[in-house]
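This report concerns only the one structure given below.
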Amino acid sequence: MTIASIRRGYHVIKTMLHFGLDDLLPQHKKPWYFKLLRACFFWLGNRHKNKQPAERLKLAMQELGPVYIKLGQMLSTRRDLLDDEWAYQLAMLQDRVPPFDSALARILIEEALGEPIENLFDHFGDTPLASASISQVHTATLKSNGKEVVLKVLRPNVEVNINADIQLMMQAASILERILGDGNRLRPAEVIEDYRTTILGELNLKLEALNATKLRNNFLDSDSLYVPYVYEEHCYQRLMVMERVYGIPVSDTEALRAQGTNFKLLAERGVELFFTQVFRDNFFHADMHPGNIFISTEHPENPYYIGLDCGIMGTLTEVDKRYLAENFLAFFNRDYHRIAQLYIESGWVSEHTDVLAFEQAVKVVCEPMFNKPLDEISFGHVLLALFRTARQFDIVVQPQLVLLEKTLLYIEGLGRQLYPQLDLWQTAKPFLENWMAEQVGPKAMFNKVKTNAPYWAEILPELPELIYDNLKVGRKLLGSQQQMLDKYLRYQQKSHKSNYLLITSAVLLICGTILFTQSATLWAAYTCIGTGSVLWIAGWRSRPKNRKF
């Protein structure tokens, strides 16, 4: 443990105690060592007693900086773990970070490139175009083709700082897990592990470059989404270079309205993009907050989205994807019994769950949503109600669905902002019906045969030989097994015969010994002992010698 980590640890403890976070644990849950540790910091008291616990947690995370802010933002989507007030307060966390020195940015960029900036770029912008908790963006022009680009570079020592904070979080989560005991709903160790995986993925800009390239290729011929071109030859773990694009932030509705944007088409395309990424490509942008989405200034009557920051991408298993699609369709068709069955079949709830009770609970939540435009309903409110139901039925939200849930909330926010009258049912239901038709039935079977045809064509000429070889091997195995069985049966027969003779001889010897003690029956004693001895010798000699089959 370094001096820096000790200093950081003290700062975290001081901040938590200043905001009274130690008071959030019930007294009966605090073990003796927790109380002893608290007594060791007697000079650090709660300075915000007048504030509600949820607000104190939000302020503490804001004080501790970017890593804790991002954790709070992630926790705000876990409505299955947190009550409404806590989630609402954490959702208000804002990640506003001042830029670091441009001279240092130059040094970091040149370290990643391995040569001076001027060798590859012209017109490097010392003033950052954008600054976030993990990285900072500068503009330049590529010497080789004169194209405008942006250079995204990680902040100095960000990996060290994040790893130090993650270690502290994991240690605290481990202690909290022991305090809360088995069966606690919060599951702090699991939450921190999910967060660690997510944030460490954002620290590798080479991975983000690959994600952006894959997403771009998925929508090359699309009228709905444009992803900037990435210059992979200039991308490294701490540096990413990509095409500079111009657009209007999706949150700037006044500018979009001024250019005559078709909001209805834009909102419909947002829903289609979500379902296309999830179900067609199984590769979806999982950080679609307004800061990462722009709208094109070309053809406002036929607008498209511009997607940035592909550091967090989501995928689902084929099983989860299928169950999710069936859930959506059952929901659109108001088939609540099917929803309950799907939750049990997928393992998202216990097989011992009362299906009828669960069906009724889902119906109470979802039924009021139908036949209403988006401005009269809220997925956020429905999700809150569903998560309250989840807690009632001990539903554990799967980690792979958390990113999807967050993305769906972002999509709802965009749709409400752009075109509140959007009929979500008419937009999403046909897409899902078409996707399901492609997954099952004759068309799906034909597509699978078509996909596997080249492989089958390659192995087909070898098939007769393979069948013949397997039959030969099978016949040999069958013959050897029959031989082993015969040997085993012969061994058992000999073993049974030997055991019978030995047991009989033992009985005769015992009887002969007893009769020998009575002088009147000596002849009978000699007969038993003699016969027993003969049988014992015969039994001993008839024992099977070889036990290998």
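In this text the structure is predicted, and so the values were computed from the model without any measurement.
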Looking only at atom types and distance, does a side-chain atom of [X] sit under 3.5 Å from a main-chain N or O of [Y], one as donor and one as acceptor?
X      : Y      : value
Thr213 : Ala209 : yes
His138 : Gly125 : yes
Gln277 : Phe284 : no
His18  : Ile13  : no
Asp252 : Ile248 : no
Gln136 : Pro128 : no
Glu110 : Pro116 : no
Asp281 : Phe283 : no
Arg155 : Ser131 : no
Thr261 : Phe263 : no

Quick one: [atom1] on [X] to [atom2] on [Y], what's the gap to the nearest 0.5 Å?
X      : Y      : atom1 : atom2 : answer
His299 : Asp223 : NE2   : CG    : 9.5 Å
Cys235 : Leu207 : SG    : CG    : 11.5 Å
Leu220 : Leu215 : CG    : CG    : 10.0 Å
Tyr304 : Ser224 : OH    : OG    : 11.5 Å
Leu210 : Glu208 : CG    : CD    : 10.0 Å
Arg280 : Asn218 : CZ    : CG    : 6.0 Å

*Residue list, side-chain hydrogen bond (donor to acceptor under 3.5 Å, both in side chains) with Glu301, at least two apart or on another chain*: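 With sequence neighbours excluded, Glu301 shows a side-chain hydrogen bond (donor to acceptor under 3.5 Å, both in side chains) to no residue whatsoever.
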_Among residues at least two apart in sequence or on other chains, which ones pass side-chain hydrogen bond (donor to acceptor under 3.5 Å, both in side chains) with Thr139?_
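For Thr139 there are no side-chain hydrogen bond (donor to acceptor under 3.5 Å, both in side chains) partners, ignoring immediate neighbours.
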With a 4.5 Å cut-off on side-chain heavy atoms, are [Y] and [X] touching?
X      : Y      : answer
Val12  : Thr15  : no
Asp165 : Leu64  : no
Thr127 : Ser102 : no
Phe219 : Thr276 : yes
Leu104 : Pro156 : yes
Leu151 : His234 : no
Val150 : Leu129 : yes
Tyr236 : Ile109 : no

Looking at every heavy atom in both [X] and [Y], which two are closest together, and how far apart are they?
X      : Y      : answer
Phe121 : Leu142 : CE2-CD1, 3.3 Å
Leu205 : Leu239 : CD1-N, 3.6 Å
Lys51  : Arg56  : O-NH1, 3.1 Å
Ala140 : Phe124 : CB-CA, 4.1 Å
Gly247 : Ile306 : CA-CD1, 4.3 Å
Lys143 : Asn119 : CD-O, 3.4 Å

*Using a strict cut-off of less than 4.0 Å between a Lys/Arg side-chain nitrogen and an Asp/Glu carboxylate oxygen, indicate whether Asp309 and Lys152 qualify as a salt bridge.*
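Yes, Asp309 and Lys152 are salt-bridged.
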*asked:* For a side-chain contact (heavy atoms from CB on, under 4.5 Å) check, start with the C-alpha distance between Tyr305 and Leu273, then their side-chain angles and the critical distance, and finish with the verdict.
replied: CA-CA 9 Å; Tyr305 291 90; Leu273 275 176; 3.6 Å; yes
*Does atom CD of Gln259 have more than 12 heavy-atom neighbours, drawn from other residues, nucleotides or ligands, at distances under 6.0 Å?*
yes
*If you draw a 6.0 Å radius around NZ in Lys147, do more than 12 non-hydrogen atoms from other residues or ligands fall strictly inside?*
no
*Identify the residue among Val137, Val227, Val245 that makes a side-chain contact (heavy atoms from CB on, under 4.5 Å) with Leu308.*
Val245
*Given side-chain contact (heavy atoms from CB on, under 4.5 Å), test Leu113 with Leu120 step by step and report yes or no.*
CA-CA 9 Å; Leu113 292 171; Leu120 299 171; 3.9 Å; yes
*asked:* Please determine whether salt bridge (charged side-chain N to carboxylate O under 4.0 Å, His left out) holds for the pair Arg238 and Glu159, giving the CA-CA distance in whole Å, both sets of side-chain angles, and the decisive distance to 0.1 Å.
replied: CA-CA 10 Å; Arg238 307 195 85 254; Glu159 299 97 335; 2.7 Å; yes
Can you list everything that forms a salt bridge (charged side-chain N to carboxylate O under 4.0 Å, His left out) with [X]? Sequence neighbours excluded, please.
X      : value
Arg269 : none
Glu232 : none
Glu148 : Arg244
Glu118 : Arg106

*asked:* I'd like to know if the side chain of Tyr226 pairs up with that of Glu298 as donor and acceptor (distance under 3.5 Å, no hydrogens or angles considered).
replied: no
*Would Ile295 and Leu266 satisfy side-chain contact (heavy atoms from CB on, under 4.5 Å), going step by step from the backbone distance to the final call?*
CA-CA 9 Å; Ile295 306 301; Leu266 193 62; 3.8 Å; yes
*asked:* I'd like to know whether Ile134 forms a side-chain contact (heavy atoms from CB on, under 4.5 Å) with Leu154, so could you lay out the CA-CA distance, the side-chain angles of the two residues, the decisive distance to 0.1 Å, and finally the verdict.
replied: CA-CA 6 Å; Ile134 289 178; Leu154 293 184; 3.6 Å; yes
*Look at the rings of Tyr229 and Tyr231 and say which category their plane angle falls in: under 30° parallel, 30 to 60° tilted, over 60° perpendicular.*
perpendicular
